[in-house]
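Shown next, in structure tokens, is the structure this report addresses.
By convention in this document, chain letters (A, B, ...) are assigned in the order of the sequence lines, proteins followed by strands, and residues within each chain are numbered from 1.
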4 protein chains.
Amino acid sequence: MNDGSGMPVKTEERLRKPRADAIRNRERVLEAAKAVFSAGGVEASLEAVARRAGVGIGTLYRHFPTREALFEAVYRREVEQLSDLAARLQSEAAPVEALRLWLRANVEFVATKKGMAAALAIATSGTSELTIFSFARLTKAVGGLLARAVAAGDVRADVSAEDLLRTLVGMCLLHDQPGWQAGVVRMLDVLIDGLRVSAPTRRKK
Amino acid sequence: MNDGSGMPVKTEERLRKPRADAIRNRERVLEAAKAVFSAGGVEASLEAVARRAGVGIGTLYRHFPTREALFEAVYRREVEQLSDLAARLQSEAAPVEALRLWLRANVEFVATKKGMAAALAIATSGTSELTIFSFARLTKAVGGLLARAVAAGDVRADVSAEDLLRTLVGMCLLHDQPGWQAGVVRMLDVLIDGLRVSAPTRRKK
Amino acid sequence: MNDGSGMPVKTEERLRKPRADAIRNRERVLEAAKAVFSAGGVEASLEAVARRAGVGIGTLYRHFPTREALFEAVYRREVEQLSDLAARLQSEAAPVEALRLWLRANVEFVATKKGMAAALAIATSGTSELTIFSFARLTKAVGGLLARAVAAGDVRADVSAEDLLRTLVGMCLLHDQPGWQAGVVRMLDVLIDGLRVSAPTRRKK
Amino acid sequence: MNDGSGMPVKTEERLRKPRADAIRNRERVLEAAKAVFSAGGVEASLEAVARRAGVGIGTLYRHFPTREALFEAVYRREVEQLSDLAARLQSEAAPVEALRLWLRANVEFVATKKGMAAALAIATSGTSELTIFSFARLTKAVGGLLARAVAAGDVRADVSAEDLLRTLVGMCLLHDQPGWQAGVVRMLDVLIDGLRVSAPTRRKK
DNA sequence: AATGAATGAGGGTTCATTCAT
DNA sequence: TATGAATGAACCCTCATTCAT
């Protein structure tokens, strides 16, 4: 899989040419898919994606042989962003605040990219090998924040990362009601208050 | 044909036509719909419902001329049961406990009748007039319990019934993971702790 | 089939009871069918007919076991009216005028009962045994008028009743254009002028 | 991939993609549609058309996204041929003869391509913008011939092109009876005799 | 590699017709 | 007899996926 050396070892002349446009097309499809899944929901047709990307449907299939593969590719980067954010918050905010901010960031994501809700739902309940990876990554992200808060003595220890993640995602699934975003943020605060070990500082809005 | 009494009973209010099979079929379709909506989500095919119910697709359409009508019929009874339970709990348990029990009852419902999750989701996010009614009814149920707890000074006043209901439903939506039920019950306790005005009594498992 | 006498001859007790409502229902269905076929075209659903008649679909089928049978029954009386009219015109108008009036009467029929066009079309092109009878009857009607005019020396002899009937019906089939009725009447006059043996008296409107 | 000349031809106006099969399929669908619409009327099922054409239903829809589009494609060429013929006859035959020949050509068309009857019927009674165009074209065709005959003093002036066209089409609609074609030709002659201003030359068969 | 034509399964829906009550 | 419930074939149409060019 990896050449490993800087010198051409194989006779595969394929390595040279076909890069530029192939990569551009792949990128275009990803962009289009994000937009289309956001706007039209997860059920959007792949033809619509291809059309928006300005490529043939066949090209889409070359890059992403199944619908799942495309979906995976689309939200993998989102998952990575959230994961990275968790790492950053670990060192940039107090334990409980870091947790709160990360949870809210998720809400933001769903608010701006409707497709994310489905993506997260799949990540948390899907059975495919691909989604398992994403679930693990997100669990690790929230688990790290949670563990730090527990270690600091701020948060009770009997709640698992999985449960918290699942709750978060569930809360975001019903994002079609007016005012859902404010409601979810409010409930996250309530939840965090419930998590606190003692004297839950009632935060003022 | 004969009412068994020996005397002709001609009063037209007598069942003009028995329809043993019609009733049975209607029931079967409802059962099937509950199961299928549970497994396949709200978008499940009506043909699948008919197939599972063991009736022709035409029969399904006769009883429920629109998809909406079927939904409505499926979840109306569940919604009513939950609504009735809330009324009963109002007078049979202490405010916070009543709230907790009702929330848990919802989880039970979803656990035993998978269809409920979809039903609740529809009730909380549907846009049809029918679902609006159901949403209102559930909101009223939880709102009553919430208001009582607030009035008793046990629970903070800045959380709306809508938000609480939506959170509950969201938490139940991902019910395919192993151990989801225990996790949700745990998170509900956390949530209630967060709702308490003071000294959250940490409940022991 | 016919009792023939005024005294009960058969032990078939069925002869007494079931008349009144059965006949009424048959009549109602016929009326409804005429209305529905007129309004909704020939493709109208039989359920719609039954609904309009206020009877069950089963009842409709009891009286008219096939769609064809119903259709036949509906337009048979219309055909009979046209046939009777031809007989009357034979003795009440001059040969050519009688022909003209009868042709126009057909147009009137179609104008007031849209279904008639289809009925006539079926009568002239249908292959079922039932329609053959109607075709024969109408052919005889127009044939009588035509023969009389030929015998009087007013009309050429090389046009068959079938051709004339078919032409008439065809002209009426396109009855959806605005002004079709006046147009058809005008063309019928032209046709009659063409039929005349000599000096076609140009009729003034 | 290579134009065979040995030199790269990059001009984009070159056929970007040959689609031998696509063209063949389109043609097949058109043929099938003509046949099926003829046999089963305008309401014939598109699935039947696809079946007869030997292509998948999806292919039919790709080429003709709506039923209307298929109609349009089917009869446009026929209408054009008839229109062109009218233009040619204007200069190649005496006024009345030109009219007669054109009317007969229509009969021929229907006789050889049964689909034409439906096509003409649609053209004369359809309400879509497409059919209006076709109706206008045919009206213009017959109108030109008619006007020339009127100008020559051969034909009465009080018959409109629309009426004449509609009559012609109606006459051809019932083309399932044996001997219909001879009958229609005969009636067309009668009609033309009726149209003549004076001394209708009785044509011998 | 890219394209887009072809395919057909599948979902929604209607209705003619049969059959149990 | 009258009723209307049940059935399923047939239509329409969409789209995921395959394949020839």
Side-chain angles (χ1 to χ4, degrees), chain A residues 14 17-26 43-51 54-67 70, chain B residues 1 15-26 29 43-50 53-63 65-67, chain C residues 14 17-22 25-26 43-51 54-67 70, chain D residues 1 15-26 29 43-51 54-63 65-67:
Chain A
R14 285 208 212 92
K17 278 276 192 55
R19 242 72 162 243
D21 58 338
I23 288 179
R24 187 172 56 247
N25 276 343
R26 190 172 200 282
E43 337 263 38
S45 92
L46 295 191
E47 303 239 351
V49 172
R51 218 176 305 127
V55 306
I57 183 70
T59 303
L60 185 154
Y61 268 86
R62 163 168 294 273
H63 289 294
F64 308 99
T66 70
R67 165 177 278 266
L70 176 56
Chain B
M1 296 300 177
L15 37 111
R16 187 80 177 91
K17 257 303 168 39
R19 56 282 198 187
D21 58 338
I23 289 177
R24 186 172 53 250
N25 275 341
R26 190 170 200 281
V29 169
E43 336 262 36
S45 103
L46 295 189
E47 305 228 338
V49 172
V55 305
I57 183 67
T59 301
L60 185 153
Y61 270 89
R62 163 172 289 271
H63 288 294
T66 68
R67 173 178 282 267
Chain C
R14 285 210 212 90
K17 279 276 192 53
R19 243 72 163 246
D21 58 337
N25 276 342
R26 189 170 201 284
E43 337 262 37
S45 92
L46 295 190
E47 303 238 349
V49 172
R51 217 177 304 126
V55 305
I57 182 70
T59 302
L60 184 153
Y61 267 86
R62 163 166 294 274
H63 289 295
F64 307 99
T66 69
R67 165 177 279 265
L70 176 56
Chain D
M1 295 300 175
L15 40 109
R16 187 79 178 89
K17 258 302 167 38
R19 56 283 199 184
D21 57 339
I23 289 177
R24 187 171 53 250
N25 277 340
R26 190 170 201 283
V29 169
E43 336 262 35
S45 102
L46 296 190
E47 306 228 339
V49 173
R51 220 176 302 128
V55 305
I57 182 67
T59 301
L60 185 152
Y61 271 90
R62 163 172 287 274
H63 288 294
T66 69
R67 172 178 283 268

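In plain terms, the two heavy atoms of Ala50(A) and Ile57(A) that are nearest each other are CB-CA, 3.9 Å. Nearest heavy atom pair, residue Val49(B) against residue Val29(B), reads CG1-O, 4.0 Å. Of all heavy-atom pairs spanning Arg67(A) and Glu43(A), the tightest one is NH2-O, 4.2 Å.
Between the CG atom of Leu60(C) and the P atom of dA16(E) there is a distance of 10 Å, given to the nearest Å. Here the P atom of nucleotide dT21(F) and the CD1 atom of Ile23(D) are 13 Å apart, to the nearest Å.
The 5' end of DNA chain F is approached more closely, in terms of each residue's nearest nucleotide, by Gly56(C) than by the other of Arg51(D) and Gly56(C).
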Nucleotide-resolved protein contact map, nucleotides 14-20 of chain F, B/S/- at heavy-atom distance under 4.0 Å: BSSBB--
Would you please test Tyr61(C) and Leu46(C) for side-chain contact (heavy atoms from CB on, under 4.5 Å) and show each step? CA-CA 9 Å; Tyr61(C) 267 86; Leu46(C) 295 190; 3.5 Å; yes
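Of the candidates dA1(E), dT7(F), dA2(F), the closest approach to any side-chain atom of Thr59(B) belongs to dT7(F).
Distances shorter than 4.0 Å separate none of the side-chain N or O atoms of Asn25(A) from OP1 or OP2 on dA1(E). Residue His63(A) places none of its side-chain N or O atoms closer than 4.0 Å to OP1 or OP2 of dA1(E).
Taking CD of Glu47(B) as the reference point, atom CG of Leu60(B) lies at 9.5 Å (rounded to 0.5 Å). Arg26(A) contributes atom CZ, which lies 13.5 Å from atom OG1 of Thr59(A) (distance to the nearest 0.5 angstrom).
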Dot-bracket, DNA chain F: Watson-Crick or G-U, under 3.5 angstrom, [ ] crossing, | other strand? .||||||||||||||||||||
